[in-house]
Amino acid sequence: MFENQPLDFLKHLNPEQYRAVTAGEGPILVLAGPGSGKTRVLTQRIAYLVKAMGVRPHHILAVTFTNKAAREMQHRLETLLGEQSQSIWLGTFHAVCARILRREAAYLPFDQNFVIMDADDQIALVRQALKALNLDEKLYRPAGIHATISMAKNNLITPEEFTPRTYRDEVVKRVYQQYQTFLRNNNAVDFDDLLIETVRLFRENPPVLERYAGRFEHVLVDEFQDTNLVQYELLKLLTSVHQNVFVVGDEDQSIYRWRGADYRNVLRFESEFPDVQKILLQQNYRSTQTVLDAAQGVINRNHQRTPKRLFSDRGRGEPIVLYEAVDEFAEATFVVDTIRQWIESGKARGSDFAVMYRTNAQSRLLEEAFLRAGIPYHLVGAQRFYGRREVKDVIAFLRLAQNPDDEISLLRVINVPPRGIGEKSLVALQLLARETHQSPGHLLLELGEKGHDSPYWARFPGRSAMLLADFGGLLANWQRARDTLSLIELFDRILADVGYEAYINDGSEEGQDRWENVQELRRLAFEYRERGLSAFLEDLALVSDQDTLPQDQNAPTLLTLHAAKGLEFPQVFIIGLDEGLLPHSRSRDDPEEMAEERRLFYVGLTRAKDRVYLVRALRRSAYGVAVEQEPSRFLADIDERLLQRQGYRRTRSSATTWAAERSPSSRVPPSPAHAAILQPRYRPGQRVRHPAWGEGMVVDSRIQEDGEETVDVFFESVGFKRVIASIARLEAINPD
DNA sequence: AAGGCCCTTCTTTTT
DNA sequence: GAAGGGCCTT
């Protein structure tokens, strides 16, 4: 409709936005406060490049932070540019890298059918590595080891370059080495490899780099504050020819430090790219001034940031409601009741609401409350779908069809449904695999093809060879079917071959649910009928957790504060505003992490257009025992005049009376004479104080063989700790 | 080999 | 308090 006035869309921009969209060539840094029309600037910048500066769409690369953001931008670009938008390279850093790696597989230590290991697979790989090195996973927690490895990878440190500073590092180094070996043997990469291998590809093959850097005349990056070192490096490489790089970000919304993100990339950008044009967007088009003032109050206490003054012309709006609930059940009930009342009054609809929380575990009580109230809801992330056993099983089968070297998937489903392949057979298989330098999958294929004639047949005891060969036969069929059948046919074929429906749909209600999830996955596969298995698997690995599938069009959204970045809702609930939860106890000792918790809260607040409800609970259970909560320190940073307090008000007497009545230690008075010999001094539920960690609640306590009392305490400050009573100077707090 | 029961463990956030 | 691992029986 703009054929005659192709640049009509520019009319609606404010002066700063206009400056950004129409800037000339060279590096441009846009610092965009929340709700300042950042996405609009990005999309219109692309449209401007194409329509006004005559850049061909396939010379443009745009990088977003999530797949969801990419889809949204694709959609907007379609309206602005029509068919031309198809040839723009658009996606997350990870997706773009996967695409490059598949094209350039010839230069790489894996082939183009490589699979992408998701978070669970990565942990499973660490487990395998620990096992191969004879290390105890109780001593070296796989998740912790993996975090260290991933951190190293994000800083482009190879296993060889990894310099141990502690004994634990020595172990990490060995596991890291083994882990990488396993990845390559599996013809697999992890999330970090997608980025690292692309950087390596470019550094080691200048002609390849030249092809891409030459092609991408313009590179645009969203959420720049959350890029890590590898991504920054990649950006420098990709823009090394044309230097036309347009980045948009906001230090105050940097919330992925723990994943290696470094908002100081913004500073680095200013100093490393010559003649950066810097543009500050401060006008907010989303929220009321009350919301903005509260958010500013919170964020202004952080240092090391570009000071901003967010303003809105939407007026003061409604005060922020602060509700104090008695416990976490009352917290959930308050949220759901309030939403229900709004909906019933006809003044709001379900989709107007979002409920945000710090940890995924907090969603459970909300879900239950919504279910009880009969209100449909939409839960973002949290493995709702992709984490399900049945979904993972079917994906594992599909991955094996694509890449039989994928040992993680093989181990997952080799005996699903149970087909008599147990520990013994597996060990024999893995042993032979190592001996013959083949993957277990390949051995199975050979057994399946040749049967008795295979030289390996005799290596397996009893009927084990036959069972393995049977499964190998299935694998071989799927391999062939991959090229001859459509994705859906392959999907159905696999399920039929293994009898998956009968296995999973056992007649129970749960079984039916599980089968429906499989059907859901099948519907999703159907959408890939054109692009095929490989595209399907890639998207599953890269999209999965953050995007939930079909949304209930008119339902409230439940999501973590992290997942809320980039979204907006008329009414926002933020729950769990207690010390230890928001800010999270794990952040207490590190000022940088504490600053990030603050930014997280800031991100949550600034998602709201009209109304914010802040909710906390006076008591909350941790490990099954109720623990009294202190209000979040962030609440004190919101001007009292912006708040409207509701709910249970703490008076010293009522709270302590309640505690006294319920405390197990007051119900069963310990007898001092026996306590010294047989009974623990501390009991679950009892309040204690530690000289360093402050107050906490006893979760468990027992007398060891040596007569020492071991006490498990959940501290408000540091979380769970196990101490020896006679050493840790614990002090019992009497519930007066 | 598989399923059941008891015990320990332990809660950030995710491409 | 729930989930996952280890150990038991069949």
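In what follows, chains are A, B, ... by sequence order, proteins preceding strands, each numbered from 1. Owing to the predicted nature of the structure, the values given are computational and were not obtained by experimental measurement.
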Separation of atom [atom1] in [X] from atom [atom2] in [N], rounded to whole Å:
X: Asp193(A); N: dT15(B); atom1: CG; atom2: C1'; result: 13 Å
X: Asp192(A); N: dT15(B); atom1: CG; atom2: P; result: 13 Å
X: Leu234(A); N: dT15(B); atom1: CG; atom2: C1'; result: 14 Å
X: Asp700(A); N: dG1(C); atom1: CG; atom2: C1'; result: 13 Å
X: Ile116(A); N: dT15(B); atom1: CD1; atom2: P; result: 13 Å
X: Ile255(A); N: dT15(B); atom1: CD1; atom2: P; result: 11 Å
X: Leu194(A); N: dT14(B); atom1: CG; atom2: C1'; result: 14 Å
X: Arg620(A); N: dG1(C); atom1: CZ; atom2: P; result: 16 Å

Qualifying residues under ring-ring contact (aromatic ring centres under 6.0 Å, His included), relative to [X], sequence neighbours excluded:
X: Phe110(A); result: Phe114(A)
X: His690(A); result: Trp693(A), Phe715(A)
X: Phe460(A); result: none

Open item on the list: Can you see if the side chain of Asn360(A) gets near the phosphate of dT11(B) - specifically, an N or O under 4.0 Å from OP1 or OP2?
Closed with: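 The answer is no; no side-chain N or O of Asn360(A) sits under 4.0 Å from OP1 or OP2.
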Open item on the list: When you measure from the side-chain N and O atoms of Thr560(A) to the phosphate of dT14(B), is any distance below 4.0 Å, counting only OP1 and OP2?
Closed with: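 Thr560(A) to dT14(B) OP1/OP2: side-chain N or O found under 4.0 Å.
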Each nucleotide N or O in nucleotides 1-3 of chain B that has a protein N or O under 3.5 Å away: list the pair and distance.
unit_1, atom_1, unit_2, atom_2, d
dA1(B), OP1, Gly422(A), N, 2.7
dA1(B), OP2, Glu423(A), N, 3.3
dA2(B), OP2, Asn415(A), ND2, 2.9

Open item on the list: Checking contacts here: which listed nucleotide (dT9(B), dT15(B), dT13(B)) is nearest the side-chain heavy atoms of Arg141(A)?
Closed with: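 Selected nucleotide (nearest to the side chain): dT9(B).
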Open item on the list: Nearest to the Ala563(A) side chain among dT11(B), dT14(B), dT15(B), which nucleotide is it?
Closed with: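 Closest nucleotide to the Ala563(A) side chain: dT14(B).
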Open item on the list: Please classify the nucleic acid contact of Arg722(A) as base, sugar-phosphate, or nothing, using heavy-atom distances under 4.0 Å.
Closed with: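 Sugar-phosphate only.
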- [ ] Indicate, with a heavy-atom threshold strictly under 4.0 Å, whether Phe93(A) touches base, sugar-phosphate, or nothing.
- [x]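 No contact.
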Task: Qualifying residues under side chain to side chain donor-acceptor pair (under 3.5 Å), relative to Asp393(A), sequence neighbours excluded - done: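 Once residues adjacent in sequence are excluded, the partners of Asp393(A) under the side chain to side chain donor-acceptor pair (under 3.5 Å) criterion are Arg412(A), Tyr500(A).
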Task: With sequence neighbours excluded, residues passing side chain to side chain donor-acceptor pair (under 3.5 Å) with Arg419(A) - done: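 So Arg419(A) forms no side chain to side chain donor-acceptor pair (under 3.5 Å) with any residue.
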Open item on the list: Would Arg364(A) and Glu367(A) count as a salt bridge (Lys or Arg N to Asp or Glu O under 4.0 Å) here? Give the steps.
Closed with: CA-CA 5 Å; Arg364(A) 220 197 74 231; Glu367(A) 289 188 74; over 6 Å; no
Just the table, please: protein N/O against nucleotides 2-10 of chain C N/O, every pair under 3.5 Å.
none

Task: Which residue lies more 5' along DNA chain B, comparing Gln122(A) with Val699(A) via nearest heavy atoms - done: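 The answer here is Val699(A).
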- [ ] Could you tell me which residues satisfy side chain to side chain contact (heavy atoms under 4.5 Å, CB included) with Arg598(A), sequence neighbours excluded, listed by chain and number?
- [x]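 By the side chain to side chain contact (heavy atoms under 4.5 Å, CB included) rule, Arg598(A) matches Val298(A), Arg301(A), Asn302(A), Phe634(A), Asp637(A).
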Open item on the list: Which residues pass the side chain to side chain contact (heavy atoms under 4.5 Å, CB included) test with Arg168(A), not counting sequence neighbours?
Closed with: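 With neighbours one apart ignored, the set is Ile145(A), Thr148(A), Thr166(A), Val172(A).
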Task: Cationic tip of Lys721(A) above Phe714(A) ring, under 6.0 Å, 45° of axis - done: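 So Lys721(A) doesn't make the cation-pi contact.
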Open item on the list: Strictly distance-based, threshold 3.5 Å: is any side-chain N or O of Asn154(A) a donor or acceptor partner for the main-chain N or O of Arg259(A)?
Closed with: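 Confirmed, Asn154(A) side chain pairs with Arg259(A) backbone.
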- [ ] Identify whether a stacking contact exists between Trp258(A) and dT13(B), where the ring centres must be under 5.5 Å apart and the planes under 30° apart.
- [x]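 Answer is yes, a stack.
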